[in-house]
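This structure is a prediction, so every number in the text was calculated from the model and none was measured. Side chains are part of it too, since the values below use all heavy atoms of this structure and drop only hydrogens, waters and symmetry mates.
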Amino acid sequence: MAKLRIGGIWAGVIELELENWTVIMLREEVAKRSNAGVPDSINLICAGKLLKDGSENLSQLGIKNNAKILASRVSVDEGKSLGNELIAEEERSRRLARVKAAATALSKRHVDGSLPIEDFNIELENQGGQKVQLGTETDQQAVMMGLMLHANAKNLIKRQMYKDALEVLTMGEEAFSLCDPKVLEFVDNVPILQIDMVWCYFLLQDISWLSVAGMRLKKAREGLERCHGKDLSRVRLLQAGCQPELALHMRLELLEGVVAYHNGQFDEARKALNAAQAKFSQLEVPDEALSHVMSMGFKEHNARRALRLNNQDIGSAVDFLFEEKAKRAKKREDDIRHRKELMEQKQYGLTPLKKAVNLEQLEALVAIGFEKNLAAEALRRNENDFQKALDDLTNPETNSAIQLVIESRKRKRQQLTLDRRIEGLVSMGFDRAAVVAAVQVCETMEDTMSRLLSGSEPRPTTEANSNENPASEPNNVNPDSLSNNYTVEGPSTSREEDRDVEMEDELAREIEDGDALSDYDIEVTKEGEAIKEYLTLLASTNNGKKALSL
């Protein structure tokens, strides 16, 4: 028997078996001894941690002999509310951990040249849609992970989940920090992330972040000037006169004004807020212009976005919308082509180092005159080394050996397909012997079904589900004969087992929904209200008067 020392609403010692008692049982005992009535009104705290109901015993919770337990009484509703808050916080923590783990897994899987498990591949592109290679493989993974986390955080901000968004943005900042700083010098994603973090501070109305906010905004401004040019010349050239960055700079100046105001730097605050106000005025979409663009068949959100990004010019906005439509159509075509390429790569399997067959090298060999499957196998076994693959293909002996491997693999695939068809029909109740005979003469599942149905009705048999003597079945395939997972099966199935498919799909959808201008596409209503509020505060604040808190 162990002893627990109880203090609080009841003081004393309770003897119990730690391995058999749960928190619920202990709470009931304390309620009984303290005459508290309802056990739900009792909170138990040990080593600064609230003990929660669960199936674990006290020993599993780390409670030892002579441990001190503090018992306090709360209202039943308060106790339940506290319990619900703890459950919600645990769920939130679990979800954030899942987001980070999924982003890590996706970035690692899609940057090392491995064949993706999914029917898509994640690649880094610039605003022009061209694929880019940023530094080393480690740099690529860090950037990819940071971008995925940033996309998730922006979605959380839209859903007004600012605390969660801030957590995810912090993860994204950590991911970017793993990349060589020189690689990120002319990439504006990191400065934008810094602005988004301070925007979350503002939306959470948390003045405790004030000093950190100032440093983040300074880094953000330096980063944007480096990427966009001090006079925005670089971004103007890149965007061909379009002004996508205007809302971003307006938000930056608003936040700089807020931070300056709360630091008592009223002149700096007024200067920044006036600059933000000027940009906000440029971003306000006139009703007449909006109506004109919408009359051409565009939705309000798209029309407003186009006008905001094109300085309210109707002609430029319409051209922009048609260009965006063409880009989306091209993206759909590219996605279909990429999926076909991935399906093709999966047919060829993985190299010994678990990499996909390089399709560019494959096309080069096919252009020379080699048969596609033969060239793919030569590349696969030679880790995509073009010259070694060419040497094997031009060597009669190795060429013949490769052909034998391809024929053997083809027979195995055919046998595997037959086995699956047989097992599927047997599971439906057909006699195994009849199924095997029908499969031998019918090419498709439909033909096989028709033959079986015309000969006899489906009927359950004891043989159908029997595995007692698999060796006696002529069409049973030994799984060991297909154990070469980089020649037949493609990606290792062990990677599937550890996946958080739901969270990975969520991250992938958020990336797919974005475009080159997503970071600049800011709905400026809240910014406009904040600018007006702080300009009013400045107008009523004397230099000697203390600034209001957030």
Side-chain angles (χ1 to χ4, degrees), residues 88-89 91-108 110 122 124-125 127 134 140-179 184 187-206 208-209 212-213 215-217 219-221 223-224 227 244-245 247-252 254-255 258 305 500 502-527 530:
E89 183 61 28
E91 178 59 32
R92 175 176 168 275
S93 297
R94 278 196 295 270
R95 189 186 185 285
L96 291 172
R98 287 176 61 202
V99 169
K100 184 175 183 179
T104 303
L106 276 172
S107 59
K108 183 176 182 181
H110 285 261
I122 301 174
L124 296 176
E125 294 181 350
Q127 290 186 3
L134 296 175
Q140 289 269 108
Q141 184 179 340
V143 172
M144 191 178 288
M145 183 176 174
L147 292 175
M148 280 190 280
L149 291 169
H150 194 181
N152 182 258
K154 286 187 288 187
N155 186 41
L156 291 170
I157 292 174
K158 288 180 182 178
R159 292 157 58 190
Q160 300 183 17
M161 301 171 66
Y162 306 127
K163 187 177 179 182
D164 287 1
L166 188 55
E167 294 269 11
V168 177
L169 286 168
T170 302
M171 295 178 196
E173 184 181 38
E174 291 173 357
F176 281 128
S177 70
L178 300 175
C179 184
L184 300 174
V187 177
D188 65 5
N189 301 91
V190 178
I192 294 172
L193 182 140
Q194 297 283 349
I195 295 172
D196 285 343
M197 292 184 82
V198 180
W199 182 237
C200 284
Y201 300 159
F202 176 77
L203 294 171
L204 287 168
Q205 298 287 287
D206 191 346
S208 65
W209 291 100
V212 180
M215 290 187 290
R216 290 194 183 283
L217 293 175
K219 288 181 181 178
R221 177 165 290 282
L224 289 180
C227 299
E245 80 298 332
L248 180 68
H249 283 265
M250 182 268 296
R251 179 181 283 181
L252 171 61
L254 161 63
L255 294 172
V258 170
R305 175 178 185 257
D500 185 344
E502 181 184 12
M503 186 55 66
E504 288 184 3
D505 286 347
E506 181 179 324
L507 293 177
R509 282 195 303 271
E510 289 167 347
I511 296 170
E512 187 176 12
D513 291 342
D515 58 34
L517 298 176
S518 292
D519 284 330
Y520 310 115
D521 186 16
I522 297 174
E523 176 54 58
V524 297
T525 304
K526 288 183 179 178
E527 285 83 351

Looking at residues at least two apart in the chain, or sitting in another chain, which of them share a side-chain contact (heavy atoms from CB on, under 4.5 Å) with Glu173?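 Residues passing side-chain contact (heavy atoms from CB on, under 4.5 Å) with Glu173: Leu193, Gln194, Met197, Arg216.
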For Glu506, check side-chain contact (heavy atoms from CB on, under 4.5 Å) against everything at least two apart and list the hits. Arg95, Asn152, Met503, Arg509, Glu510
Nearest 0.5 Å, please: how far is [atom2] in [Y] from [atom1] in [X]?
| X | Y | atom1 | atom2 | value |
| --- | --- | --- | --- | --- |
| Ile195 | Leu255 | CD1 | CG | 7.5 Å |
| Asp164 | Ile157 | CG | CD1 | 11.0 Å |
| Gln141 | Thr104 | CD | OG1 | 7.5 Å |

[Y] side chain reached by [X] side chain, heavy atoms, under 4.5 Å:
| X | Y | answer |
| --- | --- | --- |
| Leu166 | Tyr201 | yes |
| Leu224 | Leu248 | yes |
| Trp209 | Leu204 | no |
| Glu502 | Arg98 | yes |

Will you find, in the side chains of Asp196 and His150, an N or O donor that is under 3.5 Å from an N or O acceptor? yes
Hey, which of Glu167, Met144, Glu174, Met171 is the one that makes side chain to side chain contact (heavy atoms under 4.5 Å, CB included) with Leu149? Met171
Quick one: does any side-chain atom of Gln205 pair with a main-chain N or O of Phe202 as donor and acceptor, under 3.5 Å?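 Flag set: sc Gln205 to bb Phe202 pair under 3.5 Å.
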Could you tell me which non-hydrogen atom of Tyr162 sits nearest to which non-hydrogen atom of Leu203, and how far apart they are?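 It is CE2-CD1, 3.3 Å.
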Where Ala175 and Ala142 come nearest, the two heavy atoms and their spacing: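 So the minimum-distance heavy-atom pair works out to O-CB, 3.3 Å.
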